[in-house]
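Computed from a predicted structure; not experimentally measured.
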Amino acid sequence: MNEKTTVSEYKIGHTTYVVKTTFNPAFRESLSDVLKRLIIRESENLIGETGQKIEKQTV
């Protein structure tokens with residue numbers, strides 16, 4: 001297998017994400033799918049920490 005690894009840094013709001021990506025042609029989930037899943041999970045955690053209702057929370 002021919003794999004390539006890169007490291008990227010993304011700043012979203014007050015959070016910096018350091019992302020290490022390894023391209024594997026056999027993998028079925030795209031980088032966009034992985035990042036979307038991680039950002040949604042982090043946003044849900046932030047909402048839970050504030051104790052606010054979802055409709056009142058700004059993300």
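From Y10, atom OH reaches atom CG of L35 across 6.0 Å, with rounding to the nearest 0.5 Å.
Evaluated for a side chain to side chain contact (heavy atoms under 4.5 Å, CB included) with S43, the options I40, L46, I39 yield exactly one hit, I39.
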- Start with the C-alpha gap between R41 and L38, add the side-chain angles, then the distance that decides, and say whether side chain to side chain contact (heavy atoms under 4.5 Å, CB included) holds. CA-CA 5 Å; R41 184 184 308 154; L38 292 173; 3.9 Å; yes

